[in-house]
Amino acid sequence: MDKPPPPKPPLLPLLCSQLSLQHRVNEVTLTSAFLSWRDVETRPKRTSGSIYGPLKAAGSHYVPVCEIISVQETEEDCPNTDVGKWQKVPHNPAESNQHAFTVSYVERTPKHRWRCSEVTLHCTDRTLCLQWVQAIREQLSLLTIRPKRLLVYINPYGGKHRGKRIYEQKVAPIFSRASISTDVIVTERANHARDHLKTEADLKKYDGLVCVGGDGMFSEIMHGLISRTQRDSGVDQDRSDETLIPCGLRIGIIPAGSTDCVCYATVGSNDPVTSALHIVVGDSQPMDVCSIHHNNTFLRYSVSLLGYGFYGDVLTDSERKRWMGPARYDISGVKTFLSHRYYEGTISFLPADENVGTPRDKLQCRAGCNICRLPTADKQVYKDKESGSDTETDGAWQVIRGKFLAINAACMSCACPRSPKGLAPSAHLADGTADLILVRKCTRFDFLRHLLRHTNKDDQFDHPFVEVYRVRQFRFTPRYEDGDSELELREAGGSGHARFFSQICREHPACTCSLAHSSWNCDGEILPHAAIQVRVHCQLIKLFARGIEEQSVFEEPYALGAM
Ligand SMILES: CCCCCCCCCCCCC/C=C/[C@@H](O)[C@H](COP(=O)(O)O)NC(=O)CCCCCCCCCCCCCCC
Ligand SMILES: Nc1ncnc2c1ncn2[C@@H]1O[C@H](COP(=O)(O)OP(=O)(O)O)[C@@H](O)[C@H]1O
Ligand SMILES: [Ca+2]
């Protein structure tokens, strides 16, 4: 969403009163766009010696109505010593005005984190106080994009096993303050959430889903919702050429996993409170989803990393170390790096049209991204330059064969705390394309340089052994068919010796060797086949997010008091 417009020219005030804030008189104004308050006891001061300003009011604050979380009449419990019981009394008895209301609103803090801030305003009488509460509530009720009923799934075993606590302590209080009602399901097994969504959940009762967990848990919920939507619409997801039906319900992610890249890349942080506030204000971020098929059988959907070779091997190894929590990826990462295996195969892909940019663009996908806002038709139609045809499959496919350390595809940046710019820094959340990254066989040292660049500002694609393409579809075929280990052994010498050495190579970290197959890491799940067909579905799902906001939005807060 764009930065709200500056407060001038003023909109017609709906309500304007002099109210007291921390014992100082403030002029408080409500318009359909902003709630503002200005300390009228502070004289407007001229910014001395400044060429910019004539007069700037000190102590003015503007809160966009769309970022107000709630308003309530303020009462405080304090002990009544006479009767030894607790009673309701006005918030601050020292305040000259006995009636008050509190407005909770979103405050931006560095690193894209949002916090819930409060202002308590005191009125001379209760009628005025109630008038204010009612006027603000009326404005909030016009924000129909805000969810009222949510279905929450918690994976209690994701990440550091903190999902349940994070939800109860940090998220539930915010939902309750925003008058959002919830049904909460703590999962009891893997795929519990997926199966519940697919078959049982009464989705008509809800305005959105919430996932408390990591990328794997998000993937479960996404699978449940997409499959349910296709089934309800009579669409067969086994057919790789089907046009899938976009899902109606938005999904909110409360990060409580090991990588949390879907949350990080769509919100800008992996902070549960920030995510909860994006849900409360009713943000909406469409997202591309890849469908993956093997010989016309549907395998899975993917939104973040689809990785063969390095990331597939990291995942396979890390699954045995789940007990270590998030650190398992680092340990398996080092081990896989040292094993330095490469794989042979063929990639065919359908490049995206030029108007959606390239994987090496300096411009990144941010809130309100212009590329993601292009009309879907402009994004999806591939124009074959030579034939002038508009069809997606008309002879535009490119084919690359080779030996690869890694083949990665990402339909979003995959930014995460390990790699703040991500695996594909310029990939767009909702442009209908994925960035395909091919890392050819190279030395360990070069591969390390490439990996290290994921963690700093250098361009990780600026190596002669790395190629990147923006694609709509791709296929991968390993050099040897799935399960064809005989061929692999023949290739390596064809004897019992070969079998012996092949086994050693598998275990021997210092050996650079070729095995027939790696596995695909699909958002943290291992795919059962190496030969796959992948297609990007533009904006198939929606999240309670808005994309990463430009820095300036939170560097220039709406509180103008310091001016
Ligand atoms: C030398 C340091 C190199 C750091 C390289 C970091 C690259 C990070 C790219 C991360 C992309 C993440 C894409 C997201 C994938 C997730 O969907 C998926 C599932 O997440 P979940 O468990 O939360 O459900 N996560 C993953 O598959 C985890 C991938 C993480 C890979 C970490 C690799 C670390 C590599 C370390 C190599 C170190 C070499 C050092 C040699 C001395
Ligand atoms: N109650 C449960 N018991 C065991 N596994 C579960 C449960 N609920 C969800 N899962 C599975 O746990 C896996 C990892 O979950 P996730 O929340 O992504 O954590 P992490 O980021 O640590 O991998 C997912 O594949 C999900 O299907
Ligand atoms: Ca994309």
Side-chain angles (χ1 to χ4, degrees), residues 153-161 163 185-194 211-221 223 253 255-265 270 286-290 302-307 310-316 318-319 322 324-326 328-338 352 356 365 369 371-372 379 408-424 426-435 444-445 447-456 460 470-472 521-526 536-539:
Y153 294 99
I154 303 176
N155 175 3
Y157 303 114
K160 296 180 182 159
H161 297 202
I185 295 177
V186 179
T187 60
E188 287 161 12
R189 58 178 172 84
N191 292 326
H192 179 172
R194 185 198 65 184
C211 161
V212 185
D215 294 333
M217 186 62 185
F218 172 78
S219 171
E220 250 198 49
I221 286 173
H223 277 83
I253 308 173
S258 299
T259 313
D260 295 325
C261 86
V262 186
C263 178
Y264 196 99
N270 60 339
M287 287 241 300
D288 298 336
V289 176
C290 288
S302 163
V303 275
S304 58
L305 165 68
L306 191 51
F310 183 70
Y311 290 101
D313 294 352
V314 170
L315 183 67
T316 305
S318 72
E319 281 299 292
R322 259 199 177 273
M324 284 186 187
R328 69 190 185 277
Y329 290 133
D330 302 307
I331 308 288
S332 297
V334 173
K335 193 173 158 194
T336 307
F337 169 79
L338 291 173
V356 288
C365 185
C369 172
I371 288 186
C372 294
K379 286 184 290 200
N408 304 321
C411 56
M412 50 173 245
S413 71
C414 295
C416 58
R418 272 193 188 80
S419 171
K421 63 182 179 181
L423 205 68
S426 306
H428 288 269
L429 290 169
D431 65 340
T433 75
D435 286 359
R444 273 196 185 80
F445 180 66
F447 189 46
L448 181 61
R449 283 173 56 220
H450 165 68
L451 286 178
L452 273 174
R453 287 185 183 183
H454 289 76
T455 63
N456 61 32
Q460 66 241 39
R470 187 152 284 178
V471 306
R472 299 197 178 286
N521 172 344
C522 172
D523 295 5
E525 290 289 321
I526 299 284
V536 188
H537 298 264
C538 190
Q539 306 193 359

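All ligand and atom numbering here is 1-based and tracks the order in the structure.
- Between Asn191 and Glu220, some side-chain heavy-atom pair lies under the 4.5 Å cut-off.
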*Output, in order, the C-alpha distance, side-chain angles, deciding distance and verdict of side-chain contact (heavy atoms from CB on, under 4.5 Å) for Ile154 and Val186.*
CA-CA 5 Å; Ile154 303 176; Val186 179; 4.3 Å; yes
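- In terms of protein heavy-atom proximity, atom 17 (O) of ligand 2 is nearest to Gly214 N, 2.7 Å.
- Considering only non-hydrogen protein atoms, atom 15 (O) of ligand 2 sits nearest to Asn155 ND2, 2.9 Å.
- Note that atom 41 (C) of ligand 1 has protein non-hydrogen atoms nearby, at separations under 4.0 angstrom.
- With contacts defined as side-chain heavy-atom distances shorter than 4.5 Å, the pair Leu429/Cys369 does not qualify.
- Under 4.0 angstrom from ligand 1, the non-hydrogen atoms of Asn521 all belong to its side chain.
- Ligand 2 has Gly159 within reach: a non-hydrogen atom of the residue lies less than 4.0 Å from it.
- Scanning the protein for heavy atoms near atom 10 (C) of ligand 1, the closest one is Cys416 SG, 4.0 Å.
- From the protein, the heavy atom lying nearest to atom 19 (O) of ligand 2 is Gly158 CA, 3.3 Å.
- Close contacts between ligand 1 and Ser258 involve ligand atoms 22 (O), 23 (O) [criterion: under 4.0 Å to a heavy atom].
- By the 4.0 Å heavy-atom criterion, Arg328 is counted among the residues contacting ligand 1.
- Only the side chain of Cys261 comes within 4.0 Å of ligand 1, judged by heavy-atom distances.
- Taking atom 7 (C) of ligand 1 as the reference point, the nearest protein heavy-atom neighbour is Tyr311 OH, 3.5 Å.
- Inclusion of Arg189 in the set of residues having an N or O under 3.5 Å from an N or O of ligand 2 is warranted.
- Of all N, O or S atoms in Asp431, the one lying closest to the Ca ion (ligand 3) is OD1.
- Ranking the protein heavy atoms by distance from atom 5 (C) of ligand 1 puts Leu451 O, 3.8 Å first.
- Neither the backbone nor the side chain of Arg444 comes within contact range of ligand 1; no heavy atom lies under 4.0 Å.
- Contact annotation for Arg322 and ligand 2: only side-chain heavy atoms (C-beta onward) come within less than 4.0 Å of the ligand.
- Atom 4 (C) of ligand 1 has Thr455 CG2, 3.9 Å as its closest protein atom, hydrogens excluded (heavy atom only).
- No heavy atom of His192 sits closer than 4.0 Å to any atom of ligand 2.
- Ring geometry for Phe447 against Phe310 counts as perpendicular: the plane angle is over 60°, on a 0 to 90° scale with 30° as the lower cut.
- Looking at ligand 2, you won't find any N or O of Tyr329 less than 3.5 Å from one of its N or O atoms.
- Looking at Asp215 against ligand 2, only its backbone comes within 4.0 Å, counting heavy atoms.
- Ranking protein heavy atoms by distance to atom 26 (C) of ligand 2, first place goes to Glu220 OE2, 3.2 Å.
- Between Cys411 atom O and Thr433 atom O, the angle centred on the Ca ion (ligand 3) amounts to 100° (nearest 10°).
- Residue, atom and distance of the protein heavy atom nearest to atom 35 (C) of ligand 1 are Gly333 CA, 3.9 Å.
- Gly216 N, 2.9 Å is the protein heavy atom nearest to atom 18 (O) of ligand 2.
- Under 4.0 Å from ligand 1, the heavy atoms of Leu305 that appear belong solely to its side chain.
- The nearest protein atom to atom 6 (C) of ligand 1, hydrogens excluded, is given as His454 CB, 4.2 Å; this is a heavy-atom distance.
- In this structure a side-chain-to-backbone donor-acceptor pair under 3.5 Å is missing from Lys421 to Ser413.
- Which parts of ligand 1 touch Asp260 is read off a 4.0 Å heavy-atom cut-off, strictly below it: atoms 23 (O).
- For atom 38 (C) of ligand 1, the closest non-hydrogen atom of the protein is Val334 CG2, 4.0 Å.
- Nearest to atom 1 (N) of ligand 2 by heavy atom, out of Ile221, Thr187, Asn191, is Thr187.
- Of the protein's heavy atoms, Gly524 CA, 3.5 Å lies nearest to atom 19 (C) of ligand 1.
- Under a 4.0 Å criterion applied to the non-hydrogen atoms of Leu452, ligand 1 contributes the atoms 1 (C).
- At a heavy-atom distance under 4.0 Å, only side-chain atoms of Arg328, from C-beta outward, approach ligand 2.
- Under 4.0 angstrom from ligand 2, there are no non-hydrogen atoms of Arg194.
- Between Met412 and Cys261, some side-chain heavy-atom pair lies under the 4.5 Å cut-off.
- Distances from atom 22 (O) of ligand 1 to the heavy atoms of Phe337, Phe447, Tyr329 put Tyr329 nearest.
- Shown in contact with Gly257 at under 4.0 Å from a heavy atom are these atoms of ligand 2, numbered in order with element: 21 (O).
- Distances from the Ca ion (ligand 3) to each N, O or S atom of Asp288 single out OD2 as the nearest.
- At a threshold of 3.0 Å, the Ca ion (ligand 3) has no backbone or side-chain N, O or S atom of Met287 nearer than that distance.
- Of the protein's non-hydrogen atoms, Ser258 OG, 3.5 Å is the one closest to atom 20 (P) of ligand 2.
- Counting heavy atoms closer than 4.0 Å to ligand 2, residue Met217 contributes atoms from both its backbone and its side chain.
- The distance from ligand 2 to the heavy atoms of Gly213 drops below 4.0 Å at these ligand atoms: 17 (O).
- For the Ca ion (ligand 3), the nearest N, O or S atom contributed by His428 is named O.
- The shortest separation from a heavy atom of Glu525 to ligand 2 is under 4.0 Å, placing the residue in contact.
- In terms of protein heavy-atom proximity, atom 4 (C) of ligand 2 is nearest to Ala190 N, 3.8 Å.
- Heavy-atom proximity to Gly216, at under 4.0 Å, picks out these atoms of ligand 1: 24 (O).
- The shortest separation from a heavy atom of His223 to ligand 2 is not under 4.0 Å, leaving the residue out of contact.
- Nearest protein heavy-atom contact of atom 3 (N) of ligand 2 is Tyr157 CD1, 3.3 Å.
- Considering backbone and side-chain N/O of Asp215, one or more are found under 3.5 Å from N/O of ligand 1.
- Polar contact check, Thr259 against ligand 1: a nitrogen or oxygen pair lies under 3.5 Å apart.
- Considering backbone and side-chain atoms alike, Ser304 places an N or O below 3.5 Å from some N or O of ligand 1.
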